[in-house]
Colleague: 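Sharing a structure below in structure tokens format, with a few things to ask.
Being a predicted model, the structure only gives us computed values, none of them experimental. Whatever order the structure lists them in is the order used to number ligands and atoms, beginning at 1. For the single chain, residues carry numbers from 1 onward in sequence order.
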Amino acid sequence: MDRIRIIGGNKLHGTIPISGAKNAALPLMIAAMLSDETLILDNVPRLADVALLQRILGNHGVDIMAVGKRPGDHEYQGQTLHISAKNIIDTTAPYDLVSKMRASFWVIAPLLARMHEAKVSLPGGCAIGTRPVDLLIMALEKLGAELSIDAGYVVAKAPGGLKGATIEFPKVTVSGTHVALMAAALAKGTTIIANAACEPEITDVADCLNKMGAKITGAGTPRIMIEGVSKLHGARHTVLPDRIETGTYAMAVAMTGGEVQLSGARPELLQSALDVLTQAGVTITVNNDGIKVARNGAGISPVTVTTAPFPGFPTDLQAQLMALMTRAKGASHITETIFENRFMHVQELARFGARIQLDGETATIDGVAKLRGAPVMATDLRASVSLVIAALAAEGETMVNRIYHLDRGFERLEEKLSACGATIERISG
Ligand code: UD1
């Protein structure tokens with residue numbers, strides 16, 4: 001199993017190109033199943049989760065062609081995928097594939113909308129809380145599907161096709177909103193999604209669906225309206241930049257000190273996180289090429305932050321912020337409201353000498369003057385990268401074990417950081 005070895009203490013200086021967003025690329029690839037024509041996606045990140053979804057879609061009969069690099073392409077340029085779901089040959093998504101990645105459950109929406117049937121394995125356990133799919137099922141039932149659970153599979157049927165309806169989510173859910181949006185695009189009549197998630201990745205998917213001929217308004221607000229159409233056609237769409245990757249590198253620079261240009265980043269996608277970093281004493285400058293992050297001389301000030309749905313502070317940056325606050329001058333408080341149990345990084349950060357107390361949903365972090373490198377274990381995706389951030393500022397060597405989580409969501413992490421002066425290498429095997 002690969003590991004990452006980091007020797008901490010170097011400031012970061014240089015440019016980090018920001019990749020396409022994993023959390024947009026995955027639903028966009030799934031949305032391609034809504035049409036029998038080709039959807040071309042540009043700026044798709046090269047990630048383990050994207051490769052796995054290619055296999056999952058392939059199982060349904062979807063053809064995917066990845067266009068290789070062309071002369072003149074930047075080394076970090078995302079890939080272009082040509083996704084053609086002309087013939088869907090299988091409406092079952094089996095356990096051994098769905099259990100590896102929760103988001104693959106979302107294929108239930110295009111399968112039901114286009115084929116009027118689907119049999120999709122329940123996603124199963126997950127490291128961060130229970131993460132149920134009850135709200136996705138509720139949304140599909142509102143659209144007229146009949147669902148039952150049989151031997152670990154959700155079996156869904158909509159013999160006469162899906163019908164528009166009002167879907168009101170009792171809590172904000174990204175997965176529920178994606179599923180409702182995709183299913184409603186081909187439903188007969190009008191659908192209203194109330195209390196919809198406003199995450200930029202939802203807007204990106206809605207934009208792409210509109211290019212494919214869907215009639216969606218209000219994406220990016222809590223009320224989305226969809227006029228169902230009978231068919232969607234091919235289109236070409238560029239995946240938006242990854243706001244979580246952007247925030248992660250911004251926190252890495254805040255942690256080590258130095259000055260880094262996050263090239264291609266879009267500040268409006270993570271304003272709340274940039275505001276928190278500014279409070280922490282980091283200088284954020286927006287320019288034509290993205291965002292410049294600098295911390296020169298000044299220490300890190302403590303902050304009090306609560307995670308919330310967009311435009312609030314993202315849960316996917318909570319672990320990274322906690323790593324940063326381990327070195328703040330004073331006590332910080334971070335409250336996690338989106339996922340239960342999303343504090344697995346706390347015990348690993350303690351191995352660096354961090355002082356963190358947990359009380360229910362809130363962590364209190366007492367900043368320490370120094371962290372020391374240690375062997376640590378990556379748990380979930382975002383927790384793993386928080387260990388990298390701590391290691392970059394820790395004295396001595398850190399070995400991050402079980403890094404397959406990092407490869408799921410961060411493209412060429414060690415290359416991007418070492419290009420800015422970090423001592424970081426992957427050790428294979
Ligand atoms: C997505 C993101 C993930 C991010 C999360 C919150 C992708 C691939 N993943 O996850 O990186 O951390 O949004 O921004 O885009 N819930 C239910 N019932 C349901 C569905 C969800 O109770 O049927 C709960 C979840 O357990 C969680 C909360 O709702 O407590 C939010 O989940 P949701 O927004 O759906 O997250 P994901 O789409 O799984």
Colleague: From atom 28 (C) of ligand 1, work out which of Asp380, Asn23, Thr173, Ile338 has a heavy atom at the shortest distance.
Modeller: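 The residue whose heavy atom sits nearest atom 28 (C) of ligand 1 is Ile338.
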Colleague: With backbone taken as N, CA, C and O and side chain as the heavy atoms from C-beta onward, which portion of Lys171 lies under 4.0 Å from ligand 1: side chain, backbone, both, or neither?
Modeller: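 It is the side chain that touches ligand 1; the backbone stays farther off.
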Colleague: Tell me which part of Glu336 gets within contact of ligand 1: side chain, backbone, both or neither, using heavy atoms under 4.0 Å.
Modeller: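 The answer is neither.
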Colleague: Under a 3.5 Å distance rule, please check whether Thr177 uses its side chain to pair with a backbone N or O of Ala197 as donor and acceptor.
Modeller: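 It does hold such a pair.
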Colleague: Give the table of side-chain donor-acceptor pairs shorter than 3.5 Å for residues 386-393, with sequence neighbours excluded, one pair per line with atom names and distance.
Modeller:
from	atom 1	to	atom 2	distance (Å)
Ser386	OG	Ala383	O	2.6

Colleague: Would you kindly specify which portion of Asp316 sits under 4.0 Å from ligand 1, judged on non-hydrogen atoms: side chain, backbone, both or neither?
Modeller: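 The answer is the side chain.
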Colleague: Pairs of nitrogen or oxygen atoms closer than 3.5 Å, one from Arg382 and one from ligand 1: do any exist?
Modeller: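 In this structure, Arg382 places no N or O atom under 3.5 Å from an N or O of ligand 1.
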Colleague: Decide whether an N or O pair under 3.5 Å exists between Gly176 and ligand 1.
Modeller: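 Checking ligand 1 against Gly176, no N or O pair falls under 3.5 Å apart.
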Colleague: Can you name the atoms of ligand 1, numbered from 1 with element, that are less than 4.0 Å from a heavy atom of Arg342?
Modeller: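 Near Arg342, meaning under 4.0 Å from one of its heavy atoms, ligand 1 has 12 (O).
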Colleague: Would Trp106 count as a contact residue for ligand 1, given that I'm defining contact as a non-hydrogen atom of the residue lying under 4.0 Å from a ligand atom?
Modeller: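 Contact present.
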Colleague: If you round to the nearest 0.5 Å, how far is OG1 of Thr307 from CG of Leu317?
Modeller: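 Answer for the CG-OG1 pair, Leu317 versus Thr307, is 10.5 Å.
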Colleague: With only distance considered, is Ser175 within less than 3.5 Å of ligand 1 through an N or O on each side?
Modeller: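 Right, the criterion is met.
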Colleague: For the pair Glu245 (side chain) and Ile18 (backbone), establish whether a donor and an acceptor sit closer than 3.5 Å, ignoring hydrogens and angles.
Modeller: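 Judged by distance alone, no pair lies under 3.5 Å.
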Colleague: Between Ser263 and Thr15, is there a donor-acceptor pair closer than 3.5 Å when you use the side chain of the first and the backbone of the second?
Modeller: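 Answer holds: no.
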Colleague: Quick check: does Leu26 get an N/O under 3.5 Å from an N/O on ligand 1?
Modeller: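 N/O-N/O distance below 3.5 Å does not exist for this pair.
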Colleague: Heavy-atom contacts under 4.0 Å between Val174 and ligand 1: side chain, backbone, both, or neither?
Modeller: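 Both the backbone and the side chain of Val174 come within reach of ligand 1.
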Colleague: Among Leu232, Leu111, Ile83, which residue meets the side chain to side chain contact (heavy atoms under 4.5 Å, CB included) test with Met33?
Modeller: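 Considering Leu232, Leu111, Ile83, a side chain to side chain contact (heavy atoms under 4.5 Å, CB included) with Met33 is found only for Leu111.
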Colleague: Using atom types as modelled and distance alone, determine if a side-chain donor or acceptor of Asp242 lies under 3.5 Å from a backbone N or O of Ser19.
Modeller: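 Not at all, since once roles are kept as given, no pair shorter than 3.5 Å links the two residues.
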Colleague: Determine whether a donor-acceptor pair (N or O, by modelled atom type, separation under 3.5 Å) exists between the side chain of Ser35 and the backbone of Ala32.
Modeller: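 Side chain of Ser35 to backbone of Ala32, a donor-acceptor pair under 3.5 Å: no, none is there.
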